[in-house]
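Written below as C-alpha cells is the structure these notes are about.
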Amino acid sequence: MPLLPGAEPFRHEGGEVGVLVCHGFTGSPQSVRPWADHLAGRGLSVSLPLLPGHGTRWQDMQLTGWQDWYAEVDHALRELSERCSQVFVCGLSMGGALALRLAARHGDAVSGVVLVNPGNKVHGLAARALPVVRHFVPSTKGIASDIAKPGAQEVGYDRVPLHAAYSLRRFFQLVDAELPQVTQPLLLMHSPEDHIVPPSDSARILARVSSRDVTERLLERSYHVATLDHDAERIFEDTYAFIGRLSGVGSQEGAAARG
C-alpha cells in the first residue's frame, strides 16, 4: 500500500549525539516530524521510524501488535547507538510508552527520555470489553487530530482497529510494570486539556519511574498532538535544552561561537 502523505520515516546523519523520535498509535511520522526536523537542524543525529501497520490504511494495522511496534524502535535505537556516543529517546502518546520501555530495558544506552502526552492506560468501559468485542467489531472511530491550533491536521487513521487497540492495552500494562526500571533523566510535557490521554497517565508515570532528574512542564495551549499545536516550538526548544544539558552539545556550540 502507498504511504499517506508525510508518513515517510526520517533519518538525519548528524553529530555524536543521537535522538530517536517515536510517533503515536494510529498516527505517523508526520505528527512528530517538526520535532525531528528541529533537532536535526541543531546538528543532532535523528531517527524517526514508521511503526509497522501505520501510515497506510487502518486495515493493515489489524495484522500488527505491540511486539512489532516495539521491535521497530528497538532496532532504530541499536542503529543509533552504533554510531553515536549518546542517544536520547523521545515519544508522543504511545510513542512515549515505547520510549519508556526502551529506557527500562536498555539502561545506560539511553541517556535521557523526553515524553509528550504519554499514554499509560486504555481508559473507559470499552477497554474491558476489548478482549471479546475485537472479534466481532473490526474498528471504532479514530483519535487523530486532537489539536487546538486552527488549520493544523495530523496524518493518521480515521478508524482505530480493535485488534491493535487490544494489543496496545496489553502493552501499556507491560510498560507500567517496568516503570520502576526507568532511571534516566526525564522531561515530561503534557496538556491539561487532552481529549485522548488524560493527565492522570502522566501523573502515574511520574509517580512510578525511579528517575531522580525529573522535569514536568504543562502545555497549557495545546491538546493531545502538542507537537503540531500552539506549544510545539516550546516542546522543540525545551527538548534541545534538555539534551544539551545532559550531553553538553549546546554548550560546546556556544563556546565555539564565543571563541
Side-chain angles (χ1 to χ4, degrees), residues 1-10 21-37 48-70 72-73 91-98 116-172 190-191 193-198 201 219 221-232 235:
M1 288 296 297
L3 292 180
L4 296 171
E8 303 83 4
F10 170 74
V21 183
C22 308
H23 71 75
F25 183 72
T26 74
S28 75
Q30 178 266 350
S31 61
V32 289
R33 179 61 184 270
W35 198 7
D37 283 341
L48 168 52
L50 170 64
L51 300 179
H54 292 72
T56 53
R57 57 176 191 158
W58 69 263
Q59 291 90 341
D60 295 332
M61 200 174 168
Q62 285 282 51
L63 307 176
T64 67
W66 73 260
Q67 297 91 338
D68 304 296
W69 313 326
Y70 179 74
E72 187 69 26
V73 297
L92 166 69
S93 194
M94 179 187 76
L98 291 169
V116 175
N117 291 323
N120 176 258
K121 183 179 180 180
V122 176
H123 296 268
L125 295 175
R128 298 180 183 178
L130 273 175
V132 175
V133 171
R134 66 192 175 101
H135 295 293
F136 303 97
V137 180
S139 67
T140 187
K141 65 179 181 178
I143 56 174
S145 288
D146 184 38
I147 304 172
K149 186 177 181 180
Q153 291 290 322
E154 179 186 19
V155 173
Y157 294 148
D158 59 1
R159 305 291 298 175
V160 172
L162 292 190
H163 280 305
Y166 174 67
S167 187
L168 175 67
R169 179 173 179 254
R170 293 175 61 201
F171 181 61
F172 280 161
H190 65 98
S191 306
E193 186 173 356
D194 182 329
H195 307 101
I196 306 301
V197 174
D201 282 28
L219 306 172
R221 303 172 60 234
S222 301
Y223 295 160
H224 183 62
V225 192
T227 48
L228 298 177
D229 216 327
H230 292 295
D231 292 296
I235 291 169

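By the 4.5 Å heavy-atom criterion applied to side chains, Y157 and T56 are counted as neighbours. Side-chain contact check for D194 versus D201: every heavy-atom pair is 4.5 Å or farther apart. By the 4.5 Å heavy-atom criterion applied to side chains, I196 and N117 are not counted as neighbours. Proximity of L4 to Q30: side-chain heavy atoms (C-beta onward) are nowhere separated by under 4.5 Å. Residues F10 and V21 fail the side-chain proximity criterion, which asks for heavy atoms closer than 4.5 Å. Looking at S139 and Q59, their side chains never come closer than 4.5 Å, going by heavy atoms from C-beta outward.
Shown here for S31 and L228, the closest heavy-atom pair between the two residues is O-CG, 3.6 Å. Shown here for S93 and V197, the closest heavy-atom pair between the two residues is OG-CG2, 4.1 Å. Between M61 and G53, the closest heavy-atom pair is CB-O, 3.3 Å. Residues A97 and G119 approach most closely at CB-O, 3.7 Å, considering heavy atoms. Of all the heavy atoms in R221 and A148, the pair that sits closest is O-CB, 3.8 Å. In terms of heavy atoms, G96 sits closest to P118 at CA-CB, 4.2 Å.
In this structure L63 satisfies the side-chain contact (heavy atoms from CB on, under 4.5 Å) test with no other residue, sequence neighbours excluded. The salt bridge (charged side-chain N to carboxylate O under 4.0 Å, His left out) search around D68 returns none, not counting sequence neighbours. Partners of R57 by salt bridge (charged side-chain N to carboxylate O under 4.0 Å, His left out), not counting sequence neighbours, listed by chain and number: D60. Take R159 and apply the salt bridge (charged side-chain N to carboxylate O under 4.0 Å, His left out) test, not counting sequence neighbours, and it matches no residue. Not counting sequence neighbours, H23 has no partner by the side chain to side chain donor-acceptor pair (under 3.5 Å) test.
The NE2 atom of H54 lies 4.5 Å from the CE atom of M94; values are rounded to the nearest 0.5 Å. Between the OH atom in Y223 and the CG atom in D229 there is a gap of 8.0 Å [rounded to 0.5 Å]. Summarising the geometry, atom CD belonging to E8 is positioned 10.5 Å from atom CG belonging to L48; distances are rounded to the nearest 0.5 Å. The CG atom of L162 sits 11.5 Å away from atom CG of L168, with the distance rounded to the nearest 0.5 Å. One finds the OH atom of Y70 at 14.5 Å from the OG atom of S167 (value rounded to the nearest 0.5 Å). A distance of 12.0 Å separates CZ of F172 from CZ of R169, quoted to the nearest 0.5 Å.
The side chain to side chain donor-acceptor pair (under 3.5 Å) analysis of residues 143-152, with sequence neighbours excluded, yields the pairs S145-Q153, D146-H195.
No donor-acceptor pair closer than 3.5 Å links the side chain of D231 to the backbone N or O of A226. The main-chain N or O of S222 is found under 3.5 Å from a side-chain atom of S191 such that the two form a donor-acceptor pair.
Looking only at atom types and distance, the side chain of W58 has no donor-acceptor partner in the side chain of T26 under 3.5 Å away.
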**OP:** With side-chain contact (heavy atoms from CB on, under 4.5 Å) as the test, would you mind laying out the steps for V32 and V116 before giving the verdict?
**Re:** CA-CA 10 Å; V32 289; V116 175; over 6 Å; no
**OP:** Determine, stepwise, if the pair L51 / T64 fulfils side-chain contact (heavy atoms from CB on, under 4.5 Å).
**Re:** CA-CA 10 Å; L51 300 179; T64 67; over 6 Å; no
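Between F171 and W66, the ring centre distance stays below 6.0 Å.
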